Every structure is written in structure tokens, then in C-alpha cells.
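Okay, structure first, notes after.
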Amino acid sequence: MISYLKGIFVGQNADGILVEVNGIGYSVSWPSADPLPSAGEPIKVYTFLYLKEDVLALYGFSSEEELSLFRMMLKVSGIGPKGAMAVLSGMTPAQLRTAILSQDAKTIAGKSSGIGIKTAQKMILELRDKVSAFGPEEGTPLPDSKTDVSEDEAVLALMSLGYAQSAAVRAVGSIPDREKMTTEEVLKAALRSGKLF
């Protein structure tokens, strides 16, 4: 999995921002509220690789705290990557934590394009016990990072072996108890699954 990109900020594009790392340009979705450097200046982007049957997208954030909140929001039913990005585009991590802890659904819905009161209430209900008033402590692992890493790395490994992205995602997604497995175990199980063709 791509944990972060450290390179040169090229500029903004239709998908978000463009970051050049060792001669390769990465298109990264970016919360619109986050500040950006000038073109040609260095940038470090914490990333989340989103893989679905027909989607391969890279989401970027200015801090690990923002990435952690994004991951948490993806676990809430009814909130996908676009919804989570809309929330982070309208609120800072501190504002979001405060709204969740004070159960202020009105503020979340009001500042997040496409997020209604009911979805905001559901998010508060599911996240209030997981969100700290002070954000993640130094050295605290991000939620479910092992699961995401092993699945993403297995998909990328299958793609590097020449399998189509859709087949790789399908094969990895078919493996029971994959959240308890290492990347190597997921990869071997996917190769044996018969779902790659």
C-alpha cells in the first residue's frame, strides 16, 4: 500500500492535485480546504488507496490525523470516499472531532456538501466512542491499517503479475477471514481461489 508520497507539488487538476515523485505524476484527490504549497515546492501527502471492482483512486491528506478520520468515516454505512472527503473539505479535524463529541449533526451537515442531517447523526452515533478530543496519539496505529494494507498489497501484487484489476479485487474480496491474514497469505489464497479468470 502507498502510505505517503513525498515529492514536488505540480498543481491542481480535475481530480484534486498532481504530485511528482521520481519522475512519476500521481493524481490525488485532496480536501479542498487543506492549504497547498506553490507549484515546484516539496509536499508530503498521506494517502489512502481505494480499490473497488471498477475504481482505483488515491486520496491524499496533509496529516495522519486527517487520514485516520477519513478511514473511520469509511466504516460508517452510507458514507463513501466522496462523502468523507466532503466532510474534510468543510471542516478541520479539530472541528470535526468537536462536532462528533458534542453530537452536533447540524454543523457537520451544514459544512459538508452532500451530507444530510440523518447521515451526520449516523456518523456521530458510530464514531463518538472512537474519536478522541485530542486526536490520535503519537505512534498510535491507524484503524484497521493491517487489514487495508494486506488486501491492497495483495491486489497490487496480483496486478503486477499481469492480472486485471477487477479480477484481482474480486479474488481478494472472495477470501474469508482475510482481515486476519498477512499479505502473503491473502496473495496465496487469491491465487488458489479460481476467481482470477
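All values derive from a computational prediction rather than experimental measurement.
At distances below 3.5 Å, not a single donor-acceptor pair connects side-chain atoms of Ser29 with backbone N or O atoms of Gly16. Looking only at distances, no side-chain donor or acceptor of Ser68 sits under 3.5 Å from a matching main-chain atom of Glu64.
Note: Ser38 OG to Ile43 CD1 = 11.0 Å, rounded to the nearest 0.5 Å. In this structure, Leu88 CG and Met73 CE are separated by 3.5 Å, a value rounded to the nearest 0.5 Å. Note that OH of Tyr26 and OG1 of Thr47 are 9.5 Å apart. Values are rounded to the nearest 0.5 Å. A distance of 8.0 Å separates OG of Ser63 from OH of Tyr46, quoted to the nearest 0.5 Å. One finds the CD1 atom of Ile100 at 11.0 Å from the CG atom of Asp129 (value rounded to the nearest 0.5 Å).
Qualifying side-chain hydrogen bond (donor to acceptor under 3.5 Å, both in side chains) partners for Glu66, counting only residues two or more places apart in sequence or in other chains: Ser62. Remark: Ser77 engages Lys122, Glu126 in a side-chain contact (heavy atoms from CB on, under 4.5 Å) (not counting sequence neighbours). Shown here are the side-chain contact (heavy atoms from CB on, under 4.5 Å) partners of Asp177, two or more places apart in sequence or in another chain: Glu179, Lys180. Residues passing the side-chain contact (heavy atoms from CB on, under 4.5 Å) test with Ile8, sequence neighbours excluded: none. The ring-ring contact (aromatic ring centres under 6.0 Å, His included) search around Phe70 returns Phe48, Tyr59, Phe61, not counting sequence neighbours. A search for side-chain contact (heavy atoms from CB on, under 4.5 Å) contacts involving Ala39 returns nothing, not counting sequence neighbours.
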Met85 vs Lys82, side chain to side chain contact (heavy atoms under 4.5 Å, CB included): CA-CA, chis, key distance, verdict
CA-CA 5 Å; Met85 288 299 274; Lys82 287 183 180 177; 5.7 Å; no

Can you check side chain to side chain contact (heavy atoms under 4.5 Å, CB included) on Leu56 and Val169, steps first, answer last?
CA-CA 10 Å; Leu56 176 62; Val169 171; over 6 Å; no

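At least one side-chain heavy atom of Val45 sits less than 4.5 Å from a side-chain heavy atom of Ile17. Taking the side chain as every heavy atom from C-beta outward, Leu74 and Pro81 approach each other to under 4.5 Å. Residues Leu58 and Leu5 meet the side-chain proximity criterion, which asks for heavy atoms closer than 4.5 Å.
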May I have the list of side-chain donor-acceptor pairs in residues 103-117 shorter than 3.5 Å, sequence neighbours left out?
| unit_1 | atom_1 | unit_2 | atom_2 | d |
| --- | --- | --- | --- | --- |
| Gln103 | OE1 | Arg128 | NH1 | 3.4 |
| Asp104 | OD1 | Thr107 | N | 3.2 |
| Asp104 | OD1 | Thr107 | OG1 | 3.2 |
| Asp104 | OD2 | Thr107 | OG1 | 2.5 |
| Ser112 | OG | Ile108 | O | 2.7 |

Side-chain donor/acceptor pairs under 3.5 Å, residues 188-197, sequence neighbours excluded:
| unit_1 | atom_1 | unit_2 | atom_2 | d |
| --- | --- | --- | --- | --- |
| Lys188 | NZ | Glu184 | OE2 | 3.2 |
| Ser193 | OG | Ala190 | O | 2.7 |
| Ser193 | OG | Lys195 | N | 3.1 |

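Alongside Leu125, the hydrophobic cluster contains no other residue (criterion: ILVMFWY side chains under 4.5 Å). Hydrophobic cluster membership of Val10, counting Ile, Leu, Val, Met, Phe, Trp and Tyr whose side-chain heavy atoms lie under 4.5 Å apart directly or via other members: Leu18.
Here the shortest heavy-atom pairing between Glu20 and Gly23 reads OE2-CA, 3.6 Å. Leu96 and Met123 make their closest contact through CD1-CE, 4.0 Å (heavy atoms, listed as atom of the first residue, atom of the second, distance). Among all heavy-atom pairs drawn from Met181 and Pro176, the shortest one is SD-O, 4.0 Å. Looking at every heavy atom in both residues, Ala99 comes nearest to Met91 through CB-CE, 3.9 Å.
Among residue pairs with one or both ends in residues 103-130, none qualify as ring-ring contact (aromatic ring centres under 6.0 Å, His included); sequence neighbours excluded.
Taking a 6.0 Å sphere around NZ of Lys44, one finds it holds more than 12 heavy atoms contributed by other residues, nucleotides or ligands.
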